[in-house]
Amino acid sequence: MNSIKIAPSILSADFGRIGEVVKETERAGADYIHVDVMDGEFVPNLTIGPFVVKAIRANTSLPLDVHLMIVKPDRLIPEFIEAGADKITVHREAVDELLPVINLIKGLGAKAGVSINPATNEENLKYLLDYCDLILVMLVNPGFGGQKTLESQVKKLHMIKELLTREKKTNILLEVDGGVNNKNFSTLVNAGADILVAGSAIFNSGKKMYSKNIKKLRNSWKRSDIKKNF
Ligand code: DX5
Ligand code: ZN
């Protein structure tokens, strides 16, 4: 089994001091930096591009987990990888033909992830299992931090985990994103999550708290008394 990883989403961080935030997040014990890229089209919100990813890269040696919530991701993938992205995740709903996009990412030396929105059936992932390195299960509708996890997605996570086991694809990492906190963390790990993205649970309580918040998430997995509280 893979060890459980925490990927703080800097969407909820202070962009005015993003370099410092990234350094502090690394010192606080994060495993990845999760970067949410939004284009105002695939999702209603607009965030950052490759220039900012380059600035983040200059401030950390942690792997950059870049989540593209954009249409036509192939236009920008080479720039994001050049800027320092280690993993690039694209949305099933954003492209008709995902295979060439996955091949583009892998051909440029990055790991390729595929994400599905809450309304997208997990069957859509089946034909991609031979190609992708990671599956990102959205626990909220993408676009904004600070939303509540949709409980229906936990069942889906279970089903995807079973699918990976059945198809002998346990090398594919399972990542979850949206509303992760210390109440639902253990439920999500028990359902199969290897990487847990967390934005507001880490960044919404002041810069001195990052390390404490990351520790709280990790510890909540070990605490059986809060396992049942979603
Ligand atoms: C939502 C983003 C998430 C989000 C996570 O579209 O993909 O990464 O910012 O933030 P929280 O943990 O606050 O839901
Ligand atoms: Zn994300």
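Throughout, numbering of the chain's residues begins at 1 and tracks the sequence. Every number for a ligand or one of its atoms is a count from 1 in the order of the listing.
- Looking at D177, its N, O or S atom nearest to the Zn ion (ligand 2) turns out to be OD2.
- The aromatic rings of H67 and H91 sit parallel to each other, their planes meeting at less than 30°, with 60° as the upper class boundary.
- In this structure, Q153 and M138 have side chains that are not in contact, with every pair of non-hydrogen atoms separated by 4.5 Å or more.
- Taking every heavy atom of G146 and a limit of under 4.0 angstrom, the matching atoms of ligand 1 come to 11 (P), 13 (O), 14 (O).
- Looking only at N/O/S atoms, H67 comes nearest to the Zn ion (ligand 2) through ND1.
- Contact annotation: the side chain of K156 approaches that of I116 to within less than 4.5 Å [non-hydrogen atoms, C-beta and beyond].
- The protein heavy-atom contact nearest to atom 12 (O) of ligand 1 is G199 N, 2.8 Å.
- At the shortest separation from atom 1 (C) of ligand 1 among protein heavy atoms lies F144 O, 3.7 Å.
- Near H34, the atoms of ligand 1 lying under 4.0 angstrom from a non-hydrogen atom of the residue are 8 (O).
- Heavy-atom contacts from other residues, nucleotides or ligands closer than 6.0 Å to NZ of K169 number more than 12.
- Using a 3.5 Å distance cut-off with no hydrogens or angles, the side chains of K216 and S220 do not pair a donor with an acceptor.
- Residue G178 approaches ligand 1 through these ligand atoms, each under 4.0 Å from one of its heavy atoms: 14 (O).
- A donor-acceptor contact under 3.5 angstrom links the side chains of D36 and H34, judged on distance only.
- Near V197, with a cut-off below 4.0 Å to any heavy atom, the atoms of ligand 1 are 8 (O).
- When all heavy atoms of S200 and G146 are compared, the pair lying nearest together is OG-CA, 3.6 Å.
- Looking at atom 13 (O) of ligand 1, its nearest protein heavy atom turns out to be S200 OG, 2.5 Å.
- Of all the heavy atoms in L174 and I160, the pair that sits closest is CD2-CG2, 3.8 Å.
- Interface atoms of ligand 1 facing M38, defined by a heavy-atom separation under 4.0 Å, are 6 (O).
- Note: the hydrophobic cluster containing L46 does not contain F144 (ILVMFWY, side chain heavy atoms under 4.5 Å, direct or indirect links).
- Atoms of ligand 1 found under 4.0 Å from any heavy atom of H67 (numbered from 1 in listed order, with element): 7 (O).
- Among protein heavy atoms, atom 9 (O) of ligand 1 sits closest to L11 CD2, 3.1 Å.
- Defined by atom type and a distance below 3.5 Å, a donor-acceptor pair is missing between the side-chain atoms of D177 and S9.
- Of the candidates T89, V176, D36, N117, it is D36 that places a heavy atom closest to atom 7 (O) of ligand 1.
- Ion pairing of E26 with K23 is absent here, as no side-chain N (NZ or NE/NH1/NH2) approaches a carboxylate O to less than 4.0 Å.
- Protein heavy atom at the shortest distance from atom 3 (C) of ligand 1 is D177 OD1, 2.8 Å.
- Protein heavy atom nearest atom 6 (O) of ligand 1, with residue, atom name and distance: G143 N, 2.8 Å.
- The N, O or S atom of D36 lying closest to the Zn ion (ligand 2) is OD1.
- Scanning all protein heavy atoms for the shortest distance to atom 14 (O) of ligand 1 gives G179 N, 2.8 Å.
- Linking Ile, Leu, Val, Met, Phe, Trp and Tyr whenever their side-chain heavy atoms come within less than 4.5 Å puts I6 and V66 in one cluster.
- In A198, the part holding a heavy atom less than 4.0 Å from any atom of ligand 1 is the backbone.
- Taking every heavy atom of P142 and a limit of under 4.0 angstrom, the matching atoms of ligand 1 come to 6 (O).
- Every atom of ligand 1 is numbered from 1 in the order shown, and the set under 4.0 Å from a heavy atom of M69 is 6 (O), 7 (O).
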